[in-house]
Amino acid sequence: MKILTAQQIKACDSATIGKGISSINLMEKASKACADWINDNFKTTHKFLIFCGNGNNGGDGFAIARMLYEKSFDVEVYINENQKDFSADAKINLKKLKQISGIEIKDFSSFSILKDEKTVIIDAIFGYGLNRKLSGNSEKIINKLNQTKIQKIAIDIPTGLYADKLMDENATVLKADFTLTFQFYKRSFLHPETGKFCGKIEVLNIDLDQDFINETETDYFVIDENIIREIYKPREEFSHKGTFGKSILVGGSYRKVGAILMSTLSALKTGSGLTFTIAPECANLILQSQAPEAMFMDSGEKYIEKIGIVDKAVYGIGPGLGKEIQTQKALFEFLKSYKNSIVIDADALNILAENDKINLIPKNAVITPHPLEFERLFGKTENSFERLELARNKAEELQIFIILKDHHTAVITPDRKIFYNITGNSGMAKGGSGDVLTGILTSLISQKYEIGKACIFGAWLHGKAGDFCAEEFSKEAMLPTDLISKIGKVFKYLSS
Ligand SMILES: NC(=O)C1=CN([C@@H]2O[C@H](COP(=O)(O)OP(=O)(O)OC[C@H]3O[C@@H](n4cnc5c(N)ncnc54)[C@H](OP(=O)(O)O)[C@@H]3O)[C@@H](O)[C@H]2O)[C@H](O)CC1
Ligand SMILES: [K+]
């Protein structure tokens with residue numbers, strides 16, 4: 001799914017209006033989508049306080065108020081009486097509202113904080129037209145609403161949040177429980193500093209002009225199921241284990257064998273035909289007993305001393321690798337002569353960063369840093385937006401794929417495209433999750449998925465398995481090893 005900027009969405013609206021639907025009818029469609037969602041998710045015993053701005057976000061609010069009233073909800077509307085004139089479409093909907101005697105229209109200042117959980121706040125003050133930090137009455141009312149401990153629904157975008165960038169320093173932003181947004185995710189929904197204001201996001205289709213959307217260039221995408229179902233290749237029946245590639249997982253060190261075991265198991269569970277693990281002798285027993293399907297190639301007693309090159313294989317290197325000098329030398333030697341596909345994670349990334357050997361990362365490699373590992377490799381950034389721009393530059397400069405792990409993991413490609421993943425949850429923020437991802441990615445690439453597609457599919461699959469785990473075990477109790485056990489359920493979900 002494409003992510004468009006506020007400017008592009010505005011242009012998309014005009015293109016849609018140019019195709020025959022009037023702007024007021026587009027607003028009616030958007031507002032109806034919101035009113036229908038609210039009607040499906042709240043009982044008529046709920047009362048709605050709708051706060052409206054002077055632009056089209058406010059216009060949505062007026063129309064939603066009318067529609068909820070017609071659906072027998074109790075509704076009150078609040079406006080900023082000394083704000084300047086309303087937009088044309090907001091004016092039309094305000095006029096319609098004033099003809100309904102059953103709806104009171106009050107000033108923001110008459111709102112007082114309440115506790116009644118049967119009352120729900122709807123924020124229709126500013127949407128994608130926000131172009132400066134809130135001030136005056138709009139800042140005051142948002143602060144007041146944030147102190148009100150009742151449910152809040154933001155229309156299109158929580159007021160105070162920009163669509164495409166980080167908000168200003170000390171900006172006031174509505175903390176919503178739900179965000180009902182039109183047609184597209186906005187980038188600010190997908191970054192940690194800004195996404196935390198959105199609550200649960202519902203993307204409502206309002207049939208914007210598909211030709212315009214198809215023709216509009218963007219570097220930003222959300223990984224949705226349509227993309228995944230295009231990438232996923234059901235397994236061929238007439239095949240043999242060689243058809244499904246050869247994965248080599250490299251890692252493990254004394255007292256840190258679990259990491260490479262999890263990578264090995266997740267590579268197996270993701271369907272790799274032949275799976276080998278290069279690890280020190282101390283890992284042999286646990287690997288051979290816990291992952292009998294994998295073949296074990298030892299290298300050193302307590303830590304890896306040499307990394308052999310196996311032909312026509314894909315390597316996943318790093319989990320539990322440790323940073324012994326001998327291991328470091330083995331890694332540098334290996335990377336100097338290895339020319340095939342590779343996933344580099346965890347300690348392998350840290351070794352390269354600490355020894356300033358980033359130039360050893362082969363072209364088309366996949367690196368999977370979390371923010372701290374990213375910072376060690378490429379330097380400090382002020383925020384996640386800056387970090388992503390730096391990742392785009394580095395992916396292009398080094399011609400590599402970067403999977404930047406965060407609440408919403410982002411896949412960055414060598415041609416500077418960004419694919420945000422929206423599966424997964426905080427239950428995955430535990431040691432070992434990254435090791436599972438490394439196994440998944442190595443396995444998919446060894447099964448001849450194009451590297452970029454393997455990154456997108458692997459990030460989505462990893463998160464989807466995490467969502468199944470959260471459902472079954474809770475976010476607190478789920479473990480990375482549970483993730484591995486749910487990989488099969490994701491494949492069954494995809495083939496259903
Ligand atoms: N395709 C869609 O997504 C559709 C969305 N719809 C809704 O339309 C809004 C966007 O409406 P718009 O009128 O462009 O902008 P806003 O309502 O968000 O803002 C209104 C004006 O407010 C001014 N502004 C901006 N920032 C501030 C601020 N901090 N303080 C005060 N005023 C501010 C600005 O005007 P200026 O002239 O003052 O610059 C804004 O223009 C979208 O979010 C949806 O809710 C349509 O209903 C249908 C299609
Ligand atoms: K809003």
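No hydrogens, no waters, no symmetry mates; every other heavy atom, side chains included, goes into these values. In listed order, ligands and their atoms are each counted from 1.
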Checklist line | Lys/Arg N to Asp/Glu carboxylate O, Asp482 vs Lys486, below 4.0 Å | finding: no
Check: Between Asp89 and ligand 1, which part of the residue brings a heavy atom under 4.0 Å of the ligand: side chain, backbone, both or neither?
Finding: neither
Margin query: Heavy-atom distances under 4.0 Å decide this one: backbone, side chain, both or neither, for Ile9 against ligand 1?
Written below: side chain
Checklist line | Sidechain N-carboxylate O distance under 4.0 Å for Asp116, Lys47 | finding: no
Checklist line | Under-4.0 Å heavy-atom contact with ligand 1, by part of Asn57 that carries it | finding: both
Checklist line | Salt-bridge present (Glu202, Lys200; N to O < 4.0 Å) | finding: yes
Note to self: Any salt bridge linking Glu28 with Arg66? Criterion: basic side-chain nitrogen under 4.0 Å from a carboxylate oxygen.
What the structure shows: yes
Check: Are the side chain of Ser14 and the backbone of Lys10 linked by a donor-acceptor contact shorter than 3.5 Å?
Finding: yes
Note to self: Just checking: Phe126, one of its N/O/S atoms, less than 3.4 Å away from the K ion (ligand 2), yes or no?
What the structure shows: yes
Next item on the list: Examine the proximity of ligand 1 to Asp60 and report which part, side chain or backbone, both or neither, has a heavy atom under 4.0 Å away.
Entry: side chain
Margin query: Any carboxylate oxygen within less than 4.0 angstrom of a Lys/Arg side-chain nitrogen, looking at Lys405 and Asp345?
Written below: yes
Item checked: the K ion (ligand 2) contact by Ile155, N, O or S atom under 3.4 Å -> yes
Check: Does any N or O atom in Gly127 lie less than 3.5 angstrom from one in ligand 1, N or O only?
Finding: yes
Item checked: ligand 1 contact on Leu130 by region, counting heavy-atom pairs under 4.0 Å -> both
Check: Is it true that some N/O/S atom of Ile157, main chain or side chain, lies under 3.4 Å from the K ion (ligand 2)?
Finding: yes
Next item on the list: Using a 4.0 Å heavy-atom cut-off, say whether Lys10 meets ligand 1 through its side chain, its backbone, both or neither.
Entry: side chain
Next item on the list: Answer yes if the ring centres of His191 and Tyr420 are under 6.0 angstrom apart, and no otherwise.
Entry: yes
